[in-house]
Structure formats: C-alpha cells, structure tokens
A.B. asks: 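Sharing a structure with you now.
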Amino acid sequence: MLRRPLVLAALADAAVPGLRPIEVEGQPVRSGAPYQCVDVTGEDGKRWTVRASLTTAAGAAVDSSSALARLLRPRLEVALPEVAGVARTSDDSIVAVYPQLPGQTLSFRDLQARSPLARSLGTVIAQLHDLDPAVYDEAGLPTYDAEAVRARRLGDLDRAAATGHVPTGLLARWERAMEGVTLWHFPTVPTHGTLDETDVLVDGEQVTALDGWQSAAVSDPAADFALLFLGAAPDAFDTVVESYAQARRERPDQHLERRIRLAAELRLMADLMDARAVGDEHLVARCTRALRRLDEQTALDDSLTPPPPGRRPAPAAVSEEVDPDDIESVDEHPSTDDEETLEIPVAGPDGRPAGAASEEGDEGGTVAADDTGDQESVEARQSDASADDVTSVGHGDDDVVADEDIATDDNRDDASTGGGTGTGTDGPQAADHR
C-alpha cells in the first residue's frame with residue numbers, strides 16, 4: 001500500500017536515530033512498481049532516500065541487494081546504495097533508509113553520440129558484466145544459464161498470450177526468436193537486471209552511481225540494454241555499446257544486438273502484465289494499443305531471427321564481361337605482415353521497437369510520439385495515487401507518474417527492422433542506420 005511521504009519520513013527517523021527530517025519530497029510511483037520512494041533531508045542537511053517495499057518479494061530483495069552492494073563496492077568504480085537503517089511496518093512492509101547517492105539522474109534521451117558520458121556508461125556496464133558470477137552466488141542471488149533465460153521468456157510469453165491482449169503476429173514473431181537456437185548460445189553474466197535511467201546517476205561526463213539492484217541476477221547481458229535501447233537516440237546508443245564492447249575482456253556474443261531488441265519489445269508485454277496485476281483497465285487498454293501498433297510495424301520484419309548457418313549475401317550481378325587486359329595489377333606481392341588484422345566497425349541499430357526516445361508529456365511523465373501523434377511511454381504509469389501524498393515541499397501530484405506513459409518507439413528509425421549494434425558479424429546485423 002502507498003503511504004504518505006510524511007509517514008515514510010517518520011519511519012526513516014525511527015530506523016536511523018538522529019536523522020530528524022525537516023523536508024520530505026515524494027518520488028513518482030509507476031504502475032506495478034515494487035517500491036515507493038521519498039527523499040528526506042535531515043536536520044544536519046544530509047539527504048536520504050527512503051524506500052518502502054510494496055510487495056513481499058520487494059521486501060525480501062532489500063536484504064539480498066544490500067548484501068550484493070557490499071560485495072560489489074570494492075569491485076566497481078561507482079557508488080552503490082548502502083543501507084543505514086531498516087524499519088518494519090505493521091503489515092510487514094520493509095522501509096529501508098539509504099544515504100543519497102552522488103550525482104543527478106541521467107536522462108537517456110539526453111545522451112549524445114561519441115560523448116564521454118555515453119562512453120562512461122558503456123564502460124561501467126562492461127565492468128559489471130566482467131565480474132566473477134561467484135560474487136552473485138555469494139550474495140544469494142539467482143543464476144541462470146542461457147537455456148534458463150530462454151525458458152523464463154517463453155513462460156512470460158505464455159502468460160501474456162493467455163490474456164488475449166497480445167496480437168497473434170507479435171506472439172509468432174517472438175516465438176520464432178525464442179526457437180532460434182543460435183540466438184540462445186551465449187555466456188550469462190552478472191547483470192543489474194532492469195537498468196533504467198532512474199538507476200544511473202551522473203556528474204558532468206561521468207557515471208557516479210548505480211541504484212536499484214532488486215532485479216540483479218546472473219543472466220542475459222541484453223537485459224541491461226533494453227531500456228537504454230528504447231530511450232536513447234540511435235547514435236548515442238551505438239556509442240554506449242561500442243564503448244561496452246571495447247571495454248569487455250571478451251568480445252560480446254554475435255547475437256547480443258538481436259536479443260536487446262527482443263528484450264526491448266518484450267517491455268511492452270511486461271507493461272501490459274503489470275497493468276493487469278494492479279487492475280488498471282485504462283492502462284491495459286493503452287498497452288494493448290501499443291502492442292497492436294508494434295505488430296503493424298514489424299509485420300514484414302524478420303530481423304530478430306538469425307539467418308540459417310552458412311547463409312551469405314548473394315554476389316552482385318555483373319552487368320558486362322570484364323576483359324582481363326583491362327585489369328591493372330596494383331601489387332603483385334602479397335602482404336607478409338603477421339600483425340595485419342581486419343577491424344569490424346560497430347554499427348548502430350537500424351530501427352527500434354516500440355518505446356523510442358521520449359519527449360516530455362503534458363503531465364510531467366515521459367512519453368514517446370509516433371507518426372500519427374498518438375503517444376505511448378516505455379513504462380505503464382500509475383495515475384491514481386492518493387492526493388494525500390502531497391508533501392511539505394509542495395510536490396503535490398508530481399508524486400505519481402501520469403498514466404500516459406507507455407512506450408511505442410515510433411520516434412526511432414522504425415521498429416526492429418535490420419540494424420544493430422554490430423557486436424556480431426552476420427549480414428542484417430551490421431546495417432547502417434545513420
């Protein structure tokens with residue numbers, strides 16, 4: 001249940017003796033969110049983040065994510081959340097209090113191509129993915145291999161199909177991707193799980209902190225790029241992934257880009273399920289419309305499915321015969337340089353799934369405009385939070401994100417058609433979208 005920000009501030013004061021809150025500021029609460037958060041300023045001017053669990057699973061994740069942060073702190077070059085105190089409410093909700101992390105929240109849509117900030121983000125994600133998975137096991141977090149990741153996605157797909165709200169064309173498209181065996185041959189890595197822009201804090205051109213570790217697991221590296229893929233401009237996304245690929249100790253698998261686009265498309269399905277879980281029929285309808293639009297955009301697209309093994313582009317047709325006497329020999333001596341290598345450039349995505357780079361909506365939420373002027377957002381939002389959550393610093397209705405926020409990504413170069421990050425070398429993946 002949602003609580004008044006002042007109530008959460010009082011619970012924080014009980015959890016951290018001497019905090020003595022003098023200001024409290026509510027944060028937006030999206031539909032289906034696992035936590036309600038407020039920012040509190042203590043009497044000494046120190047700022048705190050107070051996070052109250054809204055589900056049993058979220059409460060359990062407080063302990064595991066806290067243990068993980070302790071293990072990751074000496075291994076990552078960014079700040080991580082550190083629990084200063086915990087309180088338990090009468091209904092068994094967990095209220096955890098954290099010193100506020102350094103930096104400002106990053107907006108993915110503000111990322112610039114070839115900027116130091118975009119490269120910093122790619123490097124930080126690479127450092128995380130290069131960690132020893134045993135660290136996550138020590139923290140008690142789940143570990144999935146590639147087949148388990150695929151099985152979990154298939155289970156999500158079956159549950160969504162049972163709602164009757166997902167177009168059959170999309171279901172078939174995603175099932176084909178799930179059945180593409182080569183797509184699911186990859187090493188799983190330590191992941192953040194749901195890396196949203198609210199989880200990334202920056203100072204100038206550097207990432208300073210990562211927050212929100214409740215979904216962390218050893219899993220598909222694509223999971224940490226899905227929301228970035230939806231929110232950032234294509235060339236900025238390319239810069240992040242280029243930096244990521246260069247910083248990784250091992251080259252990313254060749255189908256990472258396809259799974260990123262698949263994960264991004266499945267975000268709409270996840271938004272639908274979240275809306276149904278909280279019984280918000282208005283948001284269910286909006287998610288359904290967004291899925292139908294994605295179905296129309298991708299009706300003739302097969303870019304999620306890898307080409308059959310051995311498939312090569314057909315050679316260009318020769319318009320006329322070439323006279324051997326017209327061929328000029330430029331160098332009759334082959335190179336003997338053992339160090340000569342061929343560099344394959346990292347190309348950016350040539351088309352995005354629903355949920356593209358966003359614009360500010362009328363109610364302060366994040367929305368994405370398509371060619372028809374209809375707007376949908378990356379995440380289904382909650383608009384019916386209590387008006388009692390107006391805080392002492394005058395944020396009023398801003399404590400709740402507007403329900404206009406469901407993503408369709410029509411601002412991008414059309415959903416999921418070709419293109420890619422260039423982490424692989426097979427034909428359609430390297431198409432240039434710029």
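Just so it is clear, the values below take in all heavy atoms, side chains as well, and ignore hydrogens, waters and symmetry mates.
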A.B. asks: What are the two closest non-hydrogen atoms of R119 and T239, and how far apart are they?
C.D. replies: CG-CG2, 3.8 Å
A.B. asks: Taking the basic N atoms (NZ, or NE/NH1/NH2) and the acidic carboxylate oxygens, is any pair closer than 4.0 Å for R293 and E296?
C.D. replies: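 The answer is no: the pair does not qualify as a salt bridge.
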A.B. asks: Is there a donor-acceptor pair closer than 3.5 Å between any side-chain N or O of E197 and the backbone N or O of F108?
C.D. replies: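 Present.
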A.B. asks: Heavy atoms only: give me the nearest G180-W184 pair and the separation to one decimal.
C.D. replies: O-CD1, 3.1 Å
A.B. asks: Salt bridge check, R159 against D156: does any charged N sit closer than 4.0 Å to a carboxylate O?
C.D. replies: yes
A.B. asks: How about T123 and S243: does a side-chain donor come under 3.5 Å of a side-chain acceptor?
C.D. replies: yes
A.B. asks: Side chain of Y136, backbone of T191: donor and acceptor closer than 3.5 Å?
C.D. replies: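 Checking the backbone N and O of T191 against the side chain of Y136, a donor-acceptor pair under 3.5 Å is found.
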A.B. asks: Please lay out, stage by stage, how R261 and S303 fare under the test side chain to side chain donor-acceptor pair (under 3.5 Å).
C.D. replies: CA-CA 9 Å; R261 282 187 283 125; S303 63; 2.8 Å; yes
A.B. asks: If we ignore hydrogens and angles and just use 3.5 Å, is the side chain of R173 paired with the main-chain N or O of D301 as donor and acceptor?
C.D. replies: yes
A.B. asks: Work out which heavy atom in E265 is nearest to a heavy atom in W174; give both atom names and the distance.
C.D. replies: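 Of all heavy-atom pairs spanning E265 and W174, the closest is OE1-NE1, 2.9 Å.
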A.B. asks: Given L2, which partner from the list V7, L8, L54 fulfils the side chain to side chain contact (heavy atoms under 4.5 Å, CB included) test?
C.D. replies: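 For L2, the side chain to side chain contact (heavy atoms under 4.5 Å, CB included) test succeeds with only one of V7, L8, L54, which is L54.
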A.B. asks: Identify whether the distance between the nearest side-chain nitrogen and carboxylate oxygen of D271 and R286 falls below 4.0 Å.
C.D. replies: no
A.B. asks: In terms of relative ring orientation, are H129 and Y244 parallel, tilted or perpendicular, with 30° and 60° separating the classes?
C.D. replies: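 Aromatic pair H129/Y244 classed perpendicular.
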A.B. asks: Distance-only, no hydrogens or angles: does the H255 side chain make a donor-acceptor pair with backbone N or O of L304 under 3.5 Å?
C.D. replies: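 Side chain of H255 to backbone of L304, a donor-acceptor pair under 3.5 Å: no, none is there.
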A.B. asks: Look at the side chain of T188 and the backbone N and O of Y144, then say whether any donor-acceptor pair between them is shorter than 3.5 Å.
C.D. replies: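 At least one qualifying donor-acceptor pair exists.
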A.B. asks: Which atom pair, heavy atoms only, marks the closest approach of I22 to E43?
C.D. replies: CG2-CA, 4.0 Å
A.B. asks: Look at the side chain of H192 and the backbone N and O of G212, then say whether any donor-acceptor pair between them is shorter than 3.5 Å.
C.D. replies: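 Yes, the answer is positive, given that a donor and an acceptor are paired below the 3.5 Å cut-off.
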A.B. asks: Salt bridge check: are R152 and D220 linked by an N-O gap of less than 4.0 Å?
C.D. replies: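 Result for this pair is no, no salt bridge flagged.
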A.B. asks: For E77, is the CD atom crowded, meaning more than 12 foreign heavy atoms sit under 6.0 Å from it?
C.D. replies: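 At most 12 heavy atoms, drawn from other residues, nucleotides or ligands, come within 6.0 Å of this atom.
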A.B. asks: Write down the atom of A12, the atom of L19, and the distance for their closest heavy-atom approach.
C.D. replies: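 Result for this residue pair: O-CD1, 4.1 Å.
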A.B. asks: Minimum heavy-atom separation for V40 to P21, with atom names?
C.D. replies: CG1-CB, 3.4 Å
A.B. asks: Looking at V38, D39, V16, which one forms a side chain to side chain contact (heavy atoms under 4.5 Å, CB included) with W48?
C.D. replies: V16
A.B. asks: Distance-only, no hydrogens or angles: does the S120 side chain make a donor-acceptor pair with backbone N or O of V207 under 3.5 Å?
C.D. replies: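 Yes.
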A.B. asks: If we ignore hydrogens and angles and just use 3.5 Å, is the side chain of R150 paired with the main-chain N or O of M178 as donor and acceptor?
C.D. replies: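 At least one qualifying donor-acceptor pair exists.
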A.B. asks: Strictly distance-based, threshold 3.5 Å: is any side-chain N or O of Q104 a donor or acceptor partner for the main-chain N or O of V202?
C.D. replies: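 No.
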A.B. asks: Can we say R20 and D13 salt-bridge, meaning some charged N sits less than 4.0 Å from an Asp/Glu carboxylate O?
C.D. replies: no
A.B. asks: Taking atom CD of E147 as the centre, does the number of heavy atoms from other residues, nucleotides or ligands within less than 6.0 Å exceed 12?
C.D. replies: yes
A.B. asks: Test of understanding: with side chain to side chain contact (heavy atoms under 4.5 Å, CB included), list the residues that count as partners of D110, not counting sequence neighbours.
C.D. replies: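 Side chain to side chain contact (heavy atoms under 4.5 Å, CB included) check on D110 returns S107.
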A.B. asks: Okay, side chain of S93, backbone of A52: is any donor-acceptor separation there less than 3.5 Å?
C.D. replies: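 Checking the backbone N and O of A52 against the side chain of S93, no donor-acceptor pair under 3.5 Å is found.
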A.B. asks: Checking side chain to side chain contact (heavy atoms under 4.5 Å, CB included) against L195, which of D211, V200, L228 comes through?
C.D. replies: V200
